[in-house]
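Quick caveat: nothing in here was measured; it's all calculated off a predicted structure. Letters A, B, ... are given to chains in the order of the sequence lines, protein chains preceding strands, and every chain is numbered from 1.
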Amino acid sequence: MPPSGVPRVALSRLPGERVRVVGADGERELPASELAAHVAEIEQDGARWVWDDTARWYPPLLEAGVRVARCHDLRLSRRILTRAPAVDRDLLEGDDADLWDRLGPAVAALPTLFPVDDRIEHLDAGVEDRRQLAAVAASSEAGRLRLLLAAESAGALAAAEMTHAGIPWSREVHERILDEQLGPRPPRGARPAELEALANELRELLRTPGLNPDSRPELLAALQRSGLTLTDVRASTLRRQTHPCIEPLLRYKRLSHLFSNNGWEWIDQWVRGDRLHPAYQPAGSSTGRWSSNGGGALSIPMQVRPAAVADEGWCLVVADVAQLEPRVLAGMSNDHALAGAARGADLYQAIVDDGAVASRAEAKVGMLGALYGATTGDSGRMLPALMRRYPRAMGLVEDAARAGERAQVVRTQLGRGSTIGGADDWGHTDEGAPADPDAQASRRRSWGRFTRNFVVQGTGAEWALCWIAELRNSLWRLGGQGALTARPHLVFFLHDEVVVHAPSELADKVTACLTEAAASAASLVFPDVSIDFPLNVTVVRSYAEAGK
DNA sequence: CACTTTTGCGCC
DNA sequence: AGGGCGCAAAAGTG
C-alpha cells in the first residue's frame with residue numbers, strides 16, 4: 001500500500017445533486033448521477049478517491065457496476081487521527097473542523113431520515129484532506145499511521161462491496177430448517193407450533209397454567225415454586241439444575257431465539273433474491289473492530305449456516321486465523337519466547353511444549369484470561385506461570401491495564417488510541433453522588449481490563465484489516481472478467497474470519513491468495529519480527545461445513 | 001403512550 | 001470482581 005505518489009481526487013457534494021471533483025489536473029463539477037460514468041477516466045492514473053464517507057459514496061457506484069481501487073475515508077481517518085496519541089490535534093483544527101468531528105456514519109440500511117445540517121452535507125473534502133495529510137506528516141509515527149489509514153479505508157471499500165455482493169443464501173434451505181425445528185410459519189404475532197407445544201409442556205411441568213416462558217419474572221417465580229434455588233433464568237444457570245423442566249426449557253429458549261432473531265421475518269428483511277445483505281460498520285467498535293448495523297453480521301448462528309450455499313459451479317472458501325490475538329501480542333511485545341511458540345500451527349500446544357503449563361486447555365484458558373484481565377478461577381491461576389515464561393508479552397498487557405487504571409490512553413501497534421473512559425466520573429455514582437472507595441476502585445479495574453484488551457483486540461483488528469485489504473486486491477487481480485461478483489470476491493468478514501465466493505476451479509488460487517495476504521499483513525503490521533499467522537482454510541459448498 | 005434500559009442469547 | 005459487539009422482547013420510566 002504505497003502511501004504517497006498516488007494522485008488524490010477529492011469528491012464533495014454540492015447543492016442541487018451535483019458533485020465537485022478536484023484532482024491534480026484541475027477541478028470540475030458534474031451531476032451526481034453522472035459520476036459513475038466518469039470514474040474510469042478519472043481513475044486511469046490510479047487515483048485515490050478522497051471522500052467524506054465510503055458508505056455514502058460507494059454503494060451507488062457499485063450499483064452502477066463500478067469498482068473503486070483505493071480511497072481515503074475522511075470520516076474514519078479523522079476518528080483515528082483525533083484520538084491517536086502520536087498526532088497533534090491542533091493540526092486537525094480549522095475550517096469546519098467541528099463539523100467533521102460531528103460527522104456520523106451513514107447507516108447503509110437506511111436512507112437519511114432527517115435533513116442533515118446543510119453545512120455537514122456540503123463539506124469540502126479537499127480542505128479536510130490537506131489537514132489530515134499535514135497531521136500525519138508531522139507525526140512521529142507517520143509511517144504506521146499511513147498504513148492504518150490506508151487499511152481502514154480499504155476495509156471500508158471491502159465492507160461496501162460485501163454488503164453489495166451479499167452472502168449466497170438459500171431461502172429454501174433456511175425455511176426448511178425453520179419448518180423442521182419450529183413448524184410452519186405462524187401468523188404475525190403468534191408463536192410457532194413447536195414453541196407453543198413446549199410452552200404447554202412447561203406449564204404442566206411447573207404446574208403454572210398460563211405461564212408465559214418469555215417473561216423472566218414469571219418463569220423465575222414458577223421455577224422457585226418448583227423447589228429450584230436460582231436467582232436468574234440464564235441457560236448456564238439452568239444447566240446446573242436438575243429438574244424435568246430443564247431440558248424442555250433450554251430447548252424452548254434455543255428455538256425462541258432462532259425464531260425471533262433469524263426466523264422468517266429476518267429472511268424477509270435481509271435476504272434479497274438469493275443473497276443475504278448484512279451491513280457492516282467499519283471501526284464501529286472502540287477497538288477498531290467492525291460492528292454491524294443491520295442484518296446481524298456479527299452473529300449468524302450455526303443453526304442457519306447451512307443456508308449459506310455457493311452458486312452452482314462455485315464454492316465458498318472459508319478461512320480463519322488460528323489464535324490471532326496471542327500471536328498479535330507476541331508481535332507487539334517482541335517477546336521472543338512467545339513469538340517462538342507462535343511459529344507454528346498450534347500456539348497453545350507450543351506453550352505446553354515450552355513447559356509453561358501442563359495442558360493445552362490450561363494454556364488456552366490462561367492466555368485468554370491474560371488478554372481479558374481475569375484474576376480468579378482457572379485462568380487467573382495460570383497467570384504466574386505465563387508471566388514467568390513470557391514476561392515481555394504479559395508485561396505489555398499488564399502495563400496497558402495499569403495505564404487504564406490511571407485513566408491514561410493506550411495505543412495499538414499502528415497507533416490507534418483508546419478513548420478516555422470518563423475518568424471524571426470514577427469518583428461519582430451515575431446519579432452524581434460521591435462514590436465509595438470500593439466502587440471507585442472497581443471502576444478503575446474495569447477500565448484497566450478495557451485498556452488491557454484494547455491493545456490486543458485493536459492490533460488484531462489492524463492485522464485483519466491489512467489481511468482483507470491485501471485480499472480484495474489479490475482476488476481482483478486473480479482475474480476473470482466483468483463485474484465484481486462475476487469474479488472471486490469477499491462475501492463475509494468477522495474479526496478473524498473471511499468467506500470468499502469463487503468459481504470452484506479457482507479454489508486453489510483463492511487459497512493461495514488468502515495465505516499470501518496473511519503473510520503480507522504480518523510483515524506490514526510487524527515488519528521487525530517474524531510471527532506466523534496460520535490459517536484454517538476449507539473449501540465448501542455450504543458455510544455450515546466449515547466447522548471451526 | 002412512547003421512549004429507554006435491562007436481560008439474555010448469538011457471534012468472535 | 002473476563003474483552004468487544006447486535007438484536008429482540010420484556011421491564012422500567014416519564
Side-chain angles (χ1 to χ4, degrees), chain A residues 107 109 189 191 212-220 231-239 249-250 252-263 265-266 269-270 278-305 320-326 328-329 365-383 397 400-401 404-405 410 418-419 421 430 438-461 464 492-498 543 548:
Chain A
V107 177
R191 280 199 185 94
N212 172 14
D214 294 324
S215 166
R216 283 175 288 269
E218 277 186 44
L219 184 58
L220 184 60
T231 54
D232 65 70
V233 293
R234 282 179 219 141
S236 58
T237 306
L238 295 170
R239 267 189 279 273
L249 180 51
L250 290 173
Y252 180 91
K253 283 171 160 278
R254 201 176 65 247
L255 291 178
S256 168
H257 192 268
L258 171 65
F259 172 59
S260 57
N261 284 65
N262 301 96
E265 289 183 20
W266 183 77
Q269 191 172 2
W270 300 107
Y280 299 92
Q281 197 181 328
S285 104
S286 59
T287 58
R289 272 190 178 182
W290 292 12
S291 63
S292 166
N293 55 12
L298 269 63
S299 58
I300 297 175
M302 302 291 176
Q303 278 170 303
V304 302
R305 290 189 188 184
D320 72 277
V321 192
Q323 306 113 18
L324 174 61
E325 288 177 356
V328 152
L329 176 58
V365 74
M367 184 56 73
L368 291 176
L371 302 184
Y372 292 155
T375 53
T376 60
D378 292 340
S379 55
R381 212 149 31 76
M382 297 299 135
L383 279 184
V397 286
E405 289 169 6
V410 296
S418 62
T419 49
D430 294 339
D438 283 355
Q440 210 171 115
S442 161
R443 290 194 189 194
R444 286 185 185 283
R445 283 195 302 273
S446 171
W447 197 254
R449 286 192 299 276
F450 167 71
T451 50
R452 170 196 294 269
N453 190 252
F454 178 95
V455 295
V456 180
Q457 187 184 117
T459 303
F492 185 64
F493 168 64
L494 180 58
H495 307 326
D496 63 354
E497 175 179 7
V498 298
Y543 190 19
K548 285 199 76 172

[X] has an atom [atom1]; how far is it from atom [atom2] of [N], in whole Å?
| X | N | atom1 | atom2 | result |
| --- | --- | --- | --- | --- |
| A:Gln281 | C:dG4 | CD | P | 17 Å |
| A:Asp496 | C:dG4 | CG | P | 17 Å |
| A:Asn262 | B:dC11 | CG | P | 9 Å |
| A:Glu405 | C:dG2 | CD | P | 13 Å |
| A:Leu258 | B:dG10 | CG | C1' | 11 Å |
| A:Leu494 | B:dG10 | CG | P | 16 Å |
| A:Arg234 | B:dT7 | CZ | P | 9 Å |
| A:Gln457 | B:dC12 | CD | C1' | 9 Å |

Item checked: Test side chain to side chain contact (heavy atoms under 4.5 Å, CB included) applied to A:Phe450 and A:Ser286, step by step -> CA-CA 10 Å; A:Phe450 167 71; A:Ser286 59; 3.5 Å; yes

If you only use heavy atoms from C-beta on, which nucleotide in [options] is closest to the side chain of [X]?
| X | options | answer |
| --- | --- | --- |
| A:Arg289 | B:dG8, C:dG4, B:dG10 | C:dG4 |
| A:Phe450 | C:dG2, C:dG3, B:dG10 | C:dG3 |
| A:Ser299 | B:dC11, C:dG4, C:dG2 | B:dC11 |
| A:Ser291 | C:dG3, B:dC9, C:dG6 | C:dG6 |

Using 30° and 60° as the class boundaries, would you call the ring planes of A:Trp290 and A:Phe493 parallel, tilted or perpendicular?
perpendicular

Sequence neighbours excluded, the answer for salt bridge (Lys or Arg N to Asp or Glu O under 4.0 Å) partners of A:Arg449 is none

Check your understanding: Can A:Tyr372 be called stacked on C:dG3 when the rule is centres closer than 5.5 Å and an angle between planes below 30°?
Key -> yes

Show your reasoning for whether side chain to side chain contact (heavy atoms under 4.5 Å, CB included) applies to A:Phe259 and A:Trp266.
CA-CA 9 Å; A:Phe259 172 59; A:Trp266 183 77; over 6 Å; no

Provide a list of protein-nucleic acid N or O atom pairs under 3.5 angstrom, restricted to nucleotides 9-14 of chain C.
from, atom 1, to, atom 2, distance (Å)
C:dA11, OP1, A:Ser215, OG, 2.8

Query raised in the report: Less than 3.5 Å between a donor and an acceptor, one on the side chain of A:Arg254 and one on the base of B:dC9, is that the case here?
Result: no

Are any non-hydrogen side-chain atoms of A:Lys253 and A:Leu238 less than 4.5 angstrom apart?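 Yes - at least one pair of side-chain heavy atoms lies under 4.5 Å apart.
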
